[in-house]
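Working notes, beginning with the structure itself.
None of these values were measured; they are calculated from a predicted model. Both ligands and their constituent atoms are indexed starting at 1 by order of listing.
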Amino acid sequence: MDARFLGIGELGGSPAVAVVVDVMRAFTVAAWAFDQGAEKIVLAESLDEALALKARHPDWVALKDGPPALGFDAVNSPGLLRSVDLGGRTVVQKTTAGTVGALAVKEASLVLCASFVVAEATAGLLRTRGCDSATFVVTGEDGRADEDLACAQYIARRAAGAGADAAEFLRRAAESRAAAELAEGVRQGVHPDDVALCLELDRFPFALVAALEDSLMVLRPCAVPAPVTGQPRTGGRTALPRTE
Ligand SMILES: O=C(O)[C@H](CS(=O)(=O)O)OP(=O)(O)O
Ligand SMILES: [Mg+2]
């Protein structure tokens, strides 16, 4: 596979195939949202757009990164989201890096949003679609976030059919600045299990496909028949109140 690894600011227009990587935490959170029953995730351009969508659709679940905020129902934390029942709900997600990266390539013919929890499914979908080239958008730290770059390089190797020892890629992510900031409480809206949950390889058997629907960028899970090593989900669910 011809793989390019670019930061959001280095994209010169939309590529044909884009894999947008945000390990900590947007696309780990998105995968958990689907596991918790969400029907779709709308990627918002701004906090104002997220709140406007929520106002228009009071039953939607508005989620942002950082600390809990007025008007929002959830934060960008897999540890906090994994006990929330999202059955049939639409989530509106706005984060600093991940959602921005996906919106930057919204004109691409195929947009996959990825993290370690959906790595093999993402690689499997690229193989199934016969993609021989892809642009990996490394969303964090202007393209230098090592948790995102390591995940992108791992998926590219797997998509090319090459063997890859995940341990070294996961080690880089575990030692990244993002992991340290999450562990040290520099970032807000954090559960103590967040870093570990972001490092669970192939937890879910679906890829995350984003596409424009009525001018909104919408993320949906796409089951991929590929061997995965995911573990069964554990933990109970708490229903979010509907505010309609
Ligand atoms: O929620 C996150 O981890 C980050 C935002 S920050 O670095 O904590 O401010 O957002 P993401 O877009 O998921 O990288
Ligand atoms: Mg990130």
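- The backbone N or O of Gly98 sits less than 3.5 Å from a side-chain atom of Asp22, completing a donor-acceptor pair.
- Note on the Mg ion (ligand 2): protein N, O or S atoms under 2.8 Å away count 2, no waters included.
- Between the side chain of Ser109 and the backbone N or O of Ala16 there is at least one donor-acceptor pair closer than 3.5 Å.
- Checking side-chain atoms of Arg127 against main-chain N and O of Gly161 turns up no donor-acceptor pair under 3.5 Å.
- Every residue meeting the ring-ring contact (aromatic ring centres under 6.0 Å, His included) condition with Phe206, not counting sequence neighbours, appears here in chain and number order: Phe204.
- Residues with a heavy atom under 4.0 Å from ligand 1: Asp22, Met24, Arg25, Ala26, Asp65, Asn76, Thr95, Thr96, Ala97, Gly98, Arg187.
- Phe116 has its side chain out of reach of Glu200: every pair of non-hydrogen atoms, C-beta onward, lies at least 4.5 Å apart.
- A donor-acceptor pair under 3.5 Å is formed between the side chain of Asp148 and the backbone N or O of Val23.
- Using a 4.0 Å cut-off between charged side-chain N and carboxylate O, Glu175 and Arg171 make a salt bridge.
- Electrostatic pairing of Glu39 and Arg89 does not count as a salt bridge here, judged by no charged N lying under 4.0 Å from a carboxylate O.
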Under 3.5 Å, which donor-acceptor pairs do the side chains of residues 208-216 form with other protein atoms, sequence neighbours left out?
from, atom 1, to, atom 2, distance (Å)
Glu213, OE1, Arg220, NH2, 3.0
Glu213, OE2, Arg220, NE, 2.9

